Each structure stands twice: as C-alpha cells, then as structure tokens.
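Worksheet: the structure to be examined is printed underneath.
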2 protein chains.
Amino acid sequence: MSGEVTIYDIAEKLGLSAATVSRALKDNPAINSNTKKKIRAAAEAMGYRSNRFASNLRKRTTNTIGVVVPRLNSNFMSTAISAMEKMASDAGYSLIIVQSLESPAKEIANIRTLFNSRVDGLMAALSSEQETDIDFRILTDRGIPVVFFDQVPSGSSQPCIIIDNAQAAHAITMHLIGQGCKRIVHLTGNVKRFVYRERLSGYKMALLEAGIPFDEELVLHSDLTELSAPDIANRILEMDGRPDALFAANDMSAAACLTAFRERGLSIPGDIAVAGFNNDPISRLMQPNITTINYPAYQIGATAATYLLNHLTGKSSLQATNKVILHADLLVRESTMRLPHNDQLRSVF
Amino acid sequence: MSGEVTIYDIAEKLGLSAATVSRALKDNPAINSNTKKKIRAAAEAMGYRSNRFASNLRKRTTNTIGVVVPRLNSNFMSTAISAMEKMASDAGYSLIIVQSLESPAKEIANIRTLFNSRVDGLMAALSSEQETDIDFRILTDRGIPVVFFDQVPSGSSQPCIIIDNAQAAHAITMHLIGQGCKRIVHLTGNVKRFVYRERLSGYKMALLEAGIPFDEELVLHSDLTELSAPDIANRILEMDGRPDALFAANDMSAAACLTAFRERGLSIPGDIAVAGFNNDPISRLMQPNITTINYPAYQIGATAATYLLNHLTGKSSLQATNKVILHADLLVRESTMRLPHNDQLRSVF
DNA sequence: TCCAGATATGCAACCGATTGCAGAGATTTT
DNA sequence: AAAATCTCTGCAATCGGTTGCATATCTGGA
C-alpha cells in the first residue's frame, strides 16, 4: 500500500543509508548506539513494520513451522496443537496448520504446499501408513527437519514423539483380566495406523501372557466415531457367548458404546466392563466414569515443538534424539471396577 | 539452498527469458501454448518450485489468512477452524492460527504479529470486550478485511458470523419454564464476552415474558470449565429453596454439574433439570443426555471463511453483508423432560 | 507491395531487506 | 609526523518473480 514505510524512508528522513537503518534495527554492534536510538525512534514514529518477504527472500528462512494432522477437531489434536502454538509463538515462530482429512492425496498435497511455503520445519501426525513416508523426503532431502508425533511412520529413523501404545494397551488389558474378564473385545481403528496397530499388539500380548487364547472374532474395526458406536454395540451384544469387557481404542467410542449398552439394560461394569483410551474429558464425566489411558496431549505437542525449535535455533540437534517416549498412565475408574476391593488404586482424576 | 531451481534456470535451459517463463507458469494467455507446454515440462523435470517470498514481495499479497481465537482446544473452536482450513485450502490460501489464551495483551500482540506477517485477511473470535476493537484498526485502516465469528465486538460495523444467542437462550429457558421449572439457575461465563452476555439477556427476557421475577442470586459466574463445576454444583445445592433447573452456558459445565448432582443422589430431570449450550458430543453421550442448543461450529467456520475468501478473490464485497446470523436449534433431550407427554418433539440427535 | 493489427517474446525496472567489501574519519602506536 | 588500528557508515549487488512497455514476427487485407 502507499502508506507502507520502508527502511529507505527512514534512511532518507535521517540522512543515512538503508544499510545503516537495517543494521540498527537488527541491533548490529557495528552501529553507533546514538545512531541506533535515533533510527529506532524514527521507525517507531513513522509506523515502520519490517517486510517479512523481503527479509525472507534475502535470508532464505521464514520463521514458520508447518503442522500436518489427519484432522484437527479432536480433543487430542487441538490440545497438542495448542501446546505447539504456544511454544512456537514464544520463540517467534508462526504455525501453518493443514489437515489431511484422512485422504492420502490431500496429505501429499499438503506436504508440497508446506514445502512451497518454505517452512523452516515440520511437525506431522500421519493419516495413514502409505507412501507418505517417502513424500517427506522432499523436505528431509533439503535439510528441512521433520518431527513426527502420535501417528508416526514405523521403521523410519525420523525423530518421533510418542507414548508406548503397546505397553499402555497391555496395561489396560491386564487390568481387565485382573478384574476377572475373560472375553475381552478390542475395538480398533484403521490398523494401518501406527497407534492402533500398537494398541492391538499390546492387547494381544496381554492375552498371551495371561494364557487367554486370542480370538480374531473379538477384534472389531470401525472408524471410532460416535456415529458408528451403536452398530458396534449391537455386534458385541449379538456375539455367541457375550463378551464381558470392551477395550476401545478411544474414549469417544468407549463412551458411545457404554451408553448403548446401558440403553439395552446392561449394567456397567457388572455385565460388561468398558475401557477407553486418551483421557478425554468425556471419560471423566460419564457415569460410570471410564477407565482409560492418560494420553498426554499437551505434553506431546510441547515436546515436539521444543525439540524442533531447539534444532532450528541451533541449541541442539535432532539427530541426537531419535525417539522420545512419554509416559502414559493407566487411569482406573468405575467402568471396569468389578471387584469390590482390589489392589489397584482408584484414580480420582 | 544451492539446489534451488529458479525461473532463470528454466529460461536459460530453454533459451527463453525469465519473463516468458513466469508468464507461462501463470498460464498467461499471451504465451503460446506450445511454449507453455515446453516450459511446464522443463519446470516439472527440473523440480522447480515457486518462491513465495519473491512473489509476495512483488505482488504485495500473501495468500495467507490469519485466525485469532481465545483458545483452540475446544470442540467448538477446533471444529470451526477445521472448516476454515478446508475452505481456505481449497481456495489456495494458508491459515496462520494464533491463540490469545484469555490474555488481552497476547491478543493485541497476536494481531500485530499477523499484521506483520501481512495476512491478506483475518478471522477472529475475541478474548474479551476490551480495547481490542480498536486494535483491529491497524488492519482495517489498511484495508485488510476482518471477519468476526462467535465472540464478536458489540456495536461494531465489522462483518460478523454469529447465531442469535439471546434468542437461543430464550428458547431454552422457555422450554424449562414449559416443563414446570420455576427457579432456574443460569450458569454463565465472563459476561464481558458477547456470547455470554447475550445468553444471559435471553434468559432474563424469557423470565420476564413468563412473569417470573428475575433473581440475581440465581445467576452464577464461573470459567465454565470441568474443574470449577463441583464448586458450582455445591453452591446450587446449598441455596435456600433449591432450584429446579440449571441452564449452563456450555455443555461441559452442564455435564459436569449433572454428574455432581447425581453423585449427591439427585435425579435428573426429576429433582433438577439440566440444560447446556453447544451440542458438544458430551451432551449426546451423557446419561441422561442433555438438552442443549445446536451451535453449528462447522457451518460458522465455513461461512466466515467463505465470506472472507469471496471478498479477497473479488467475488463479492464484505461491506454488503455486515452480519450473518445462522440458525441454532433447540435440542430437547432427556435431561429436561419432566412432563411425560408434552408437545415438544424429543430430539434424537 | 505495403501496412494495420494480432500474436508472441524480451528488456529492465521494480518489490524491500540484507550483507560483503570498501573507505572515511578518529584514535592510538611507533 | 607517519603509520597502524579501530569505529562507524555507505555502496551496490543480491534474493526470485512480476509486469509495463517495447519489439519482433506473422497474418491478412487493400
């Protein structure tokens, strides 16, 4: 716009060169401190704002970080992103957020877009386990750092911030077994996704350990949304030999199934115990409240951002830390407490 | 980086000028279609990517939209932003999202940051009703369009995408009165915020209309989080003359209070009816499920983005549409159904 | 054959901040 | 007094794409 003030305007007004103004505003030690003061005062008075594009063009850096997620309207994602935004903003970086909406094509396009936007770094939770691993090469090949979180590529050597999903699922399954459950249904999502595959494997491991034969029939697949829950609940209730527990891979579907069960007159956890995953608010507010795994969304987002930012600002290198595994507690609540007194602590929160 | 391909490289390789390459890649009709084909093929083969900064610097436009929200980890916000991201992305725009975390100072700083990032437009939900109205001037004065949604400045002539909060609150209060409730508590948030003030006023209007005297004691203030709910529930139960209904300004606190009430052995809606606002998933999954207002988050986000994008792409002007009021239905559910047969439709969803 | 009009391409000046290098002036050293 | 050193500032090129204007080539018509 015509009203835009540049360093040239400031330079002209003070009878200096643009170079001097540029250096002064960057607090370059070569500039006399009196000159700096004058320049700063003039810049302020004239309403100067630096043009990022000119600066980026010249410096070949953008102070912008890209974030790729499957979708951002889940409690986990929005909390994680909230943490990232705070960290990035405190460090002077902006966030560009894109969602793939479960479409691998969109995911690839998104990666290209961020690449073209010349982000300085990237944080990503994958939509699927497709070729995307390869597509990140266009970034990593040019030295643009990528940190994965939540949904990470398996077998890659890229930095990842995750929890031990298998171990958490193992813990929750063992807890159910400890409560006397024998036929435990596991409701999972798309097992191409890292987290669901891991949770399934933890579930299997626990069964194996307890000497309970694994039954493929007891593993149900869905998109884990509220909408598909009634159907899932039906299928569980119609099984030969009714299951005595449901371990769902997220809290939303655990809650929705629990509601469906109760509408059929089942008592929870007496007739069927229900456990979820994530510690979404809903797991605390349902009655009975739902046993779950505390998935530390904020901490995961904050950690991913911290590692990336430290790398970008040269404070530390990412290669040193390939994988960060955060702790995820089992929260035992009413929905699985079948034994009156047991040795598990009842979690209040 | 050294490996970066520019239009000059392409031009040199094909024996053309950079101007021609630039025009060809932009599909300028002045360029011969054969030449275009050759240039596109070469660009593809050489791995060319356009440098946004050079382009932005020259064009003085960024294809970037800023989004300012109080915090992004609520069901409403993440859903609205999700819609915005989709619209913007389809139109070739990127989103830069910042959150104010309830701090007016951070909100002002955020606006400045986006201003300095030279966003082409802005969508904003305000943190408070402070001076921020004024701070947007730095944008609007320079012709950068701003669309407000959800939390909008009152009395401003800026474009807004909202629902009629007062009318919705009126409807829900009338419904409670219709169910025989006489002492209706309203739990509200910071009344400096547009939506809460409006909801409170709708509540008052309904009381007035029904001839029930307004009692200041029955209006409780909180931050509307899950954590403060137990305290609120206590205060309600300890009132002289126990209230027979609670109308909370969001679903989270309605659900949390409902849980607290039940833990004290009250029956819902028999002893006390409970209504919320937003139609968060939790309102559907609680047992009893909770009467609420369907706050169309996705639609609000999509509408805000559509108006802004149409303005930016010159399809229509924002000035023509100062205020868009979307419809928000009352969803009557179990938590307020005190009369066995009534004329209200029971909403399934 | 000559010229008007289209069509296609090139020239060169931007946009605004950054930075290597040079150099003017002031200060200290020999 | 001459030389060496230090401080500070300016010159001018650079980043890469865009665009107004000029120019070259070709087409068809008089």
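Quick caveat, the model's predicted, so the values are computed rather than measured.
In this entry the distance linking CG of B:Leu25 with P of C:dT9 reads 14 Å, nearest Å. In this structure, A:Lys59 places its NZ atom 7 Å from P of C:dT19, rounding to the nearest Å. If you measure from atom CD of B:Glu12 to atom P of C:dG10, you get 13 Å, rounded to the nearest angstrom. Distance B:Asn28 CG to D:dG17 P: 16 Å, rounded to the nearest Å. When the C1' atom of C:dG16 is taken as reference, atom CD of A:Glu4 falls 10 Å away, rounded to whole Å. Protein atom CG of A:Asn63 is 15 Å distant from nucleotide atom C1' of C:dT18, rounded to whole Å. Counting to the nearest Å, the P atom of C:dC11 and the CD1 atom of B:Ile7 are 13 Å from each other.
When the side-chain nitrogen and oxygen atoms of B:Lys26 are compared with OP1 and OP2 of D:dT18, one or more of them lie within a distance under 4.0 Å.
For residues 68-82 of chain A, the pairs satisfying side-chain hydrogen bond (donor to acceptor under 3.5 Å, both in side chains) are A:Arg71-A:Glu102, A:Asn75-A:Asp280, A:Ser82-B:Gln99, with sequence neighbours left out.
Partners of B:Ala91 according to the side chain to side chain contact (heavy atoms under 4.5 Å, CB included) rule, which considers only residues two or more places apart in sequence or in another chain, are B:Tyr93, B:Leu309. With sequence neighbours left out, A:Ser17 forms a side chain to side chain donor-acceptor pair (under 3.5 Å) with A:Thr20. Under the side chain to side chain contact (heavy atoms under 4.5 Å, CB included) criterion, B:Arg49 pairs with A:Phe115, A:Asn116, A:Arg118, A:Arg142, B:Glu4, not counting sequence neighbours. With sequence neighbours excluded, no residue satisfies side chain to side chain donor-acceptor pair (under 3.5 Å) with B:Thr306.
Here the side chain of B:Ser100 pairs a donor or acceptor atom with the backbone of B:Val69 at under 3.5 angstrom.
The rotation axes computed at either terminus of the helix from C:dT1-D:dA30 to C:dT30-D:dA1 lie 60° apart, taking five pairs at each end and rounding to 10 degrees.
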Which donor-acceptor pairs under 3.5 Å do side chains of residues 8-15 of chain A form with protein atoms, sequence neighbours excluded?
{"from": "A:Asp9", "atom 1": "OD2", "to": "A:Thr6", "atom 2": "N", "distance (Å)": "2.9"}

Pair up each side-chain donor or acceptor in residues 24-35 of chain A with any protein partner under 3.5 Å, not counting sequence neighbours, and list the distances.
{"from": "A:Asp27", "atom 1": "OD1", "to": "A:Lys36", "atom 2": "NZ", "distance (Å)": "3.0"}
{"from": "A:Asp27", "atom 1": "OD1", "to": "A:Arg40", "atom 2": "NH2", "distance (Å)": "3.0"}
{"from": "A:Asn28", "atom 1": "OD1", "to": "A:Ala30", "atom 2": "N", "distance (Å)": "2.8"}
{"from": "A:Asn32", "atom 1": "OD1", "to": "A:Asn34", "atom 2": "N", "distance (Å)": "2.7"}

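For the 3.5 Å distance criterion, the side chains of B:Thr62 and B:Asn56 fail to qualify, holding no donor opposite an acceptor.
Across all strands, B:Ser22 comes closer than 4.0 Å to base atoms (heavy-atom distances).
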field: Under 4.0 Å protein heavy-atom contacts per nucleotide of nucleotides 5-15 of chain D, with B for base, S for backbone only and - for none
entry: ---BBBB-BBB

